[in-house]
Structure formats: C-alpha cells, structure tokens
Amino acid sequence: MNKLRARWLFLATLLLATPMDALASGPSAAKKPNILFIFTDDQSFRTLSCYPGAYPFAKTPNIDKLAKMGIRFEAGYFGSWCAPSRAAVLTGRHPFGVQSMTFKGEYPSSSYDPRQCVFWPSIFRQRGYFTGQIGKWHTGADAGFGRDWDYQRVWNRPAHPDNAPAYYKPQLVSFNGAKPKLVEGYPTDNYTDWAVEFVQGKTRAKEKPWFLWLCYGATHGPFTPAERHKTAYANIQVETPKDLFGLRDGKPLYVQKMNVWTKGTDGQPVYTGTGDYQDKEGMTLTEGVRRYNQCVLALDEAVARLLQALEESGQLDNTLIIFTSDQGYAWGFHGFRHKLGPYDDTIRSPLIFAMPGTIPQGKTCPVPVSGVDFAPTLFKFAGFDNLPWQMHGRDLTPLLKDPGKKWTEPMLITHTGRSFGKDTDDPAKMDVLEGVPWWVATRDGKTKYIRTLIENEIEELYDLANDPDELTNLALRPEHRATLERMRALTIAELRRCDAGFVDRMPRPKTMAE
C-alpha cells in the first residue's frame with residue numbers, strides 16, 4: 001500500500017510541475033521544448049514601443065504582445081557589431097575566446113576552423129534536435145549546413161561580398177548547402193515565409209524538437225522599408241540628442257572627436273559620413289530614424305505571423321520564443337551614427353523571452369544580459385545539464401522562473417574590432433574599427449564601467465539609474481573613487497575568469513591626479 005501511495009504521489013507531482021520545473025530536472029523529465037530564436041540586425045531598444053525610452057512615435061503592437069506573453073529584459077549587450085555578437089551567441093564565449101575567426105580580404109570575407117571554433121547548434125543536433133537557420137549569416141564563409149544545421153536558407157555575406165550590401169534587394173540565397181540562387185522579393189518577408197513553413201513542419205522532421213535561428217537583415221542600413229510602409233511616420237520630428245554636436249566632456253578623446261553630423265539649413269542634424277551601404281547622401285536625422293523605424297514594421301508583422309503559425313500548429317505552449325538583436329544603433333547619441341561604441345545608445349539591444357505556461361507573463365527583468373549567456377541558458381532550458389566546452393556565459397533560467405530574483409553576477413562585454421581569439425592578446429596591435437579603439441565594459445546592477453584600451457585614457461563610470469544617457473562620467477569625481485576601484489577590479493576579475501589573453505597587457509588608464 002505504501003508503494004502504491006508513493007507511486008501516486010510521484011505521478012501527481014509530475015502533473016503539478018510546471019514545464020520549467022520538469023525541464024530543470026533532466027533531459028528525460030519532459031517533452032523537449034522547441035526554440036524559436038528571432039535575431040534582428042542593428043535594432044535599438046528605442047524602436048520597440050514596449051520599452052521605456054522608445055521613440056514616441058514607434059508602434060510595435062505584435063512585439064509588445066510578445067513582451068506581455070513573457071519577460072522583457074531591460075538591457076541586452078551582445079556585441080559591438082554584427083560578427084562578434086553572432087560569434088558570442090554561437091559559442092557562448094566572448095570574441096577574445098573564439099579561436100581561428102579571422103576577417104581578411106574583401107569585407108565581409110571571413111573564415112574560421114570549425115575544429116577550433118565549434119558552434120553549439122551542432123551539439124543540439126547530436127542530442128536529438130532538428131536545427132534550422134534562416135536569413136543573414138555573418139560569421140565566416142562556412143555557414144555550417146550538415147554540421148550545425150539540418151535545414152538552412154542562408155544569405156551568406158562573407159561568402160559573397162559582391163552581394164553583401166543587398167539587405168533589401170535580391171539576395172544570393174543557398175538552400176541546404178546548394179549553390180546559391182538569386183531570390184527576388186523583400187528579404188524580411190522572404191525570411192518570414194520560410195520560417196512559417198519551418199514552424200508548420202513543411203521543411204523539418206516533425207518527430208523531433210526543433211531549434212530555429214531566424215536572422216533578419218533589418219534594420220541594418222541602407223534602411224529601406226517595404227513599399228507598404230514607406231508612408232509610415234510621415235510627420236515625425238526626431239529630437240536632437242543632447243551631445244550630438246560635441247558637448248561630450250568627460251568622454252575619451254575618440255568620442256570627443258566623433259564628428260559625422262552637421263547642422264542643416266533648418267538646424268536639423270545631417271549625416272556627413274559614409275558606411276552602412278547608405279543609399280542617399282545628406283540624410284537628416286529625422287529621415288534616417290523614420291526609415292529605420294519603417295523597416296521595423298515588417299519585423300513586427302513577422303512576429304504576428306510566427307505567433308499565429310505556432311498557435312495554429314498547437315506548438316505555442318511548447319516553444320520558447322526569444323526576440324532580440326545583435327546590437328543597437330546610435331542615431332546621434334554621443335555623436336555616433338552607428339554602433340561600435342560602449343554606450344547603451346549605441347549597442348543596447350531589446351530582449352524578450354516568452355513561453356506561455358512556463359515563463360511568467362507580463363514581467364520585466366532588470367538584470368543586464370550578455371551574448372555569451374544564451375548558450376548555457378538554452379542548454380539548461382532544453383534539459384542538457386552538461387555543457388560541451390567551457391563557456392563564458394551564465395545560465396539565466398533562474399531569472400526565467402523568477403525575473404525579480406536577486407542577481408549578483410556582473411555583465412561583461414568587449415570590443416576588439418575585427419580581431420578574435422589569440423589575435424586579441426596584445427592591445428598594442430589593435431585594429432581601430434571606424435575610429436573606435438578596443439574597450440571593455442562591465443555592468444553591476446545599474447553601475448556601468450568602461451575602459452578604453454588606450455594608454456593614459458580616462459576611465460568611465462555611469463549611474464544608469466540617474467543618468468541613463470551616460471552623460472556624466474563619475475570616474476572623474478573623487479567622491480566616486482571607491483566605486484571606480486571596485487568596478488575596475490570587478491572587470492579585471494571577470495576577464496581573468498574568462499581567460500582573456502590581454503588582461504595583463506591592458507594599457508594603464510589615466511588617474512584622477514593626472
């Protein structure tokens with residue numbers, strides 16, 4: 001009788017357990033979750049109406065709906081530009097720990113040795129998942145079909161540099177490793193069509209759990225919206241950021257010299273530089289931001305279609321949905337137009353996790369997330385307790401159960417230009433990418449520390465709770481010396497934990513006395 005009672009208690013526990021609880025107890029404890037990882041390009045948190053600080057005119061009802069279905073993280077820091085953010089996501093390691101990745105030849109030509117640089121979707125395949133990747137690829141010319149991916153429709157920019165600017169034009173797309181074909185149509189819509197087919201089971205093995213990495217090219221330049229969105233936001237006027245025109249005291253010298261905007265005849269900032277495949281010279285700030293946000297509208301529609309496909313196929317409750325971007329985009333803040341800089345307004349990404357019935361709904365999490373955190377989190381979420389190699393990231397599943405949980409781990413992000421692995425060991429040999437030298441940054445709660453890897457350059461310290469725009473560098477104020485020294489030591493400790501080769505070669509920063 002006692003054995004029978006114990007058996008019934010065990011079964012009752014299984015029935016009452018939430019999916020997250022069951023997943024945490026091991027691979028065989030519950031049905032494996034599907035994972036839909038939506039990864040956009042250069043999309044700032046300011047483009048989503050569910051985020052405080054969003055452009056006041058921005059309207060993203062479907063992405064907002066996704067946020068209400070799950071947890072909206074306040075800040076994601078995944079990379080300073082496209083390639084390192086993707087490398088961090090695919091390896092669970094900061095770029096300085098990604099060996100063999102190199103960028104040589106005509107940009108974005110790049111390569112890596114898959115024996116030294118292993119991407120974790122290959123491990124998911126080995127452990128029973130059907131893996132797919134759709135859209136932009138920017139991490140070596142080897143896109144990994146048959147090794148990392150069971151299914152792939154990829155616009156491989158490193159393999160075809162001549163077609164690399166075609167973010168919104170006909171693209172060379174390779175289907176499952178075949179010779180690429182030129183595909184007409186608006187790429188954002190094409191990717192969504194293919195992703196919906198994948199979700200519906202038309203292009204995957206239906207008997208397996210699946211992981212889909214859906215990599216959109218929007219909202220990268222040249223900021224070309226779909227025809228149906230070209231009249232959206234017609235009468236907006238974008239406010240000029242406070243430090244766009246050079247009021248950048250307390251910033252490193254390269255930031256003070258950042259000068260890619262001029263005043264137009266009406267006082268509106270006009271972009272004077274080149275880059276990002278700009279297709280119109282003399283773009284005003286308002287015009288650029290308008291077109292940028294117009295591109296988001298197709299992404300918002302994509303989320304609606306994907307949610308509908310999941311619901312109609314009966315998979316919504318068993319699919320973890322992640323929505324994020326590789327990094328943000330500045331649009332005038334701190335004088336930048338683009339990304340690369342260490343500030344929230346240049347690189348901070350939106351981040352949403354949702355899974356009805358498993359992840360709490362309508363919650364916000366203040367913990368900052370790094371790109372290296374995705375891999376250990378997804379391994380744990382899928383019930384895989386053992387990581388296949390040393391990863392730099394941390395498992396976020398405790399926050400997916402309780403987004404208000406106290407979190408004491410720091411968040412680290414680094415910028416080492418186009419250098420990876422051992423090529424980052426000596427900062428004296430740094431490649432300065434588009435005027436931005438190497439830097440490291442750490443967040444501990446709302447305190448943020450930045451160190452530029454230039455000899456005798458000032459450090460930066462910001463209180464994001466009271467200064468979210470990072471205008472006042474507290475590192476220059478004696479009363480904050482203790483916090484500065486604590487954050488400096490925390491950063492060095494985190495670099496050591498992750499075996500950064502340059503940690504003992506970082507140039508000496510300027511001290512307050514100097």
Side-chain angles (χ1 to χ4, degrees), residues 42-47 51-55 74-81 85 219 221 238-263 267-276 283-286 288-289 292 325-350 368 413-415 417 432-443 446-454 457-477 509-510:
D42 286 3
Q43 187 179 4
S44 170
F45 70 95
R46 294 183 180 277
T47 65
Y51 268 86
Y55 292 110
E74 289 184 2
Y77 302 90
F78 308 136
S80 60
W81 64 286
S85 65
T219 53
V238 176
E239 183 179 355
T240 300
K242 296 175 183 177
D243 60 350
L244 184 147
F245 287 122
L247 300 175
R248 297 189 285 274
D249 294 340
K251 292 283 193 293
L253 186 60
Y254 81 93
V255 181
Q256 295 185 41
K257 289 183 175 181
M258 190 65 63
N259 183 26
V260 296
W261 299 92
T262 188
K263 288 185 179 180
Q268 172 75 199
V270 175
Y271 180 65
T272 60
T274 59
D276 288 312
M283 183 186 296
T284 65
L285 176 64
T286 291
V289 171
Y292 178 67
S325 186
D326 52 5
Q327 68 277 314
Y329 207 79
W331 289 116
F333 286 89
H334 313 301
F336 286 76
R337 176 186 183 238
H338 55 359
K339 46 228 180 186
L340 299 177
Y343 309 107
D344 278 27
D345 284 308
T346 56
I347 59 169
R348 179 178 150 201
S349 298
I413 180 173
T414 65
H415 168 73
V432 177
L433 182 57
E434 297 186 40
V436 180
W438 292 5
W439 52 259
V440 299
T442 309
R443 261 193 64 172
K446 292 289 187 179
T447 303
K448 183 175 177 182
Y449 169 81
I450 302 168
R451 181 163 172 176
T452 305
L453 302 190
I454 296 289
E457 184 56 270
I458 60 172
E459 297 165 287
E460 296 173 84
L461 182 69
Y462 298 101
D463 174 3
L464 298 180
N466 297 306
D467 180 25
D469 293 331
E470 297 170 270
L471 298 175
T472 303
N473 182 5
L474 301 179
L476 303 178
R477 299 187 176 185
K510 187 174 184 178

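Heavy-atom basis, side chains included; hydrogens, waters and symmetry copies ignored. Everything numeric here is computed off the predicted structure, so don't read it as measured data.
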Original post:
How close do Leu247 and Asp243 get, heavy atom to heavy atom, and via which atoms?
Top reply: O-CB, 3.4 Å
Original post:
Among all residues two or more places apart in sequence or in another chain, which pass the side chain to side chain donor-acceptor pair (under 3.5 Å) test with Thr346?
Top reply: none
Original post:
Got a sec, which residues hit salt bridge (charged side-chain N to carboxylate O under 4.0 Å, His left out) with Lys448, two or more places apart in sequence or on another chain?
Top reply: Asp344, Glu470
Original post:
Do the non-hydrogen side-chain atoms of Ser44 and Tyr55 ever get within less than 4.5 Å of each other?
Top reply: no
Subject >> Pro342 side chain near His415 side chain, heavy-atom distance below 4.5 Å >> reply: no
Original post:
By ring pair (Phe, Tyr, Trp, His ring centres under 6.0 Å), which residues pair with Tyr343, not counting sequence neighbours?
Top reply: His334
**OP:** Return yes if some donor-acceptor pair links the side-chain N/O of Arg248 with the main-chain N/O of Leu244 below 3.5 Å, else return no.
**Re:** yes
Subject >> From CZ (Arg348) to CG (Leu464), nearest 0.5 Å >> reply: 8.5 Å
Original post:
Taking all non-hydrogen atoms of both residues, which atom of Thr472 and which atom of Asp467 are closest, and how far apart?
Top reply: N-OD2, 2.9 Å
Original post:
What residues form a side chain to side chain donor-acceptor pair (under 3.5 Å) with Ser325, not counting sequence neighbours?
Top reply: Thr40
**OP:** Grab the two heavy atoms, one from Trp261 and one from Leu285, that are nearest each other, plus how far apart they are.
**Re:** CH2-CD1, 3.7 Å
Subject >> Counterpart residues, salt bridge (charged side-chain N to carboxylate O under 4.0 Å, His left out), relative to Lys446 (two or more places apart) >> reply: Glu74
**OP:** Please name the pair of heavy atoms, one in Val260 and one in Gly335, separated by the smallest distance, quoted to 0.1 Å.
**Re:** CG2-O, 3.5 Å
Subject >> Under 3.5 Å donor-acceptor, Thr219 side chain and Asp42 backbone >> reply: yes
Original post:
For Glu239, what residues pass the side-chain contact (heavy atoms from CB on, under 4.5 Å) criterion, not counting sequence neighbours?
Top reply: none
Original post:
Checking side-chain contact (heavy atoms from CB on, under 4.5 Å) for the pair Thr414/Trp438: CA distance, chi angles, key distance, verdict?
Top reply: CA-CA 8 Å; Thr414 65; Trp438 292 5; over 6 Å; no
Original post:
Does a side-chain heavy-atom distance below 4.5 Å link Trp439 with Ile413?
Top reply: yes
**OP:** Please list, chain by chain and in numerical order, all residues satisfying side-chain contact (heavy atoms from CB on, under 4.5 Å) with Thr284, sequence neighbours excluded.
**Re:** Gln268, Val270, Thr286, Glu287
**OP:** Would you please name every residue forming a side-chain contact (heavy atoms from CB on, under 4.5 Å) with Leu253, sequence neighbours left out?
**Re:** Lys257, Glu457
**OP:** Name all residues meeting the salt bridge (charged side-chain N to carboxylate O under 4.0 Å, His left out) criterion together with Arg46; count only those two or more places apart in sequence or in a different chain, and write none if there are none.
**Re:** Asp345, Asp469
Original post:
How long is the span from the OG1 atom in Thr442 to the CG atom in Leu461, to the nearest 0.5 Å?
Top reply: 11.0 Å
Original post:
What pair of heavy atoms forms the shortest contact from Gly332 to Pro241, and how long is it?
Top reply: C-CG, 3.7 Å
Original post:
Taking only residues two or more places apart in sequence, or in another chain, which ones meet Phe45 in a ring pair (Phe, Tyr, Trp, His ring centres under 6.0 Å)?
Top reply: none
**OP:** Can you sort out the partners of Pro368 under side-chain contact (heavy atoms from CB on, under 4.5 Å), two or more places apart, ordered by chain and number?
**Re:** Tyr77, Met411, Arg443
**OP:** Return the set of residues passing ring pair (Phe, Tyr, Trp, His ring centres under 6.0 Å) with Trp331 (not counting sequence neighbours), or none when no residue passes.
**Re:** Phe223, Tyr292, Tyr329
Subject >> Among Val436, Asp326, Leu340, side-chain contact (heavy atoms from CB on, under 4.5 Å) partner for Trp81 >> reply: Leu340
Subject >> Ala475 to Glu459 - nearest heavy-atom pair and separation >> reply: CB-O, 3.5 Å
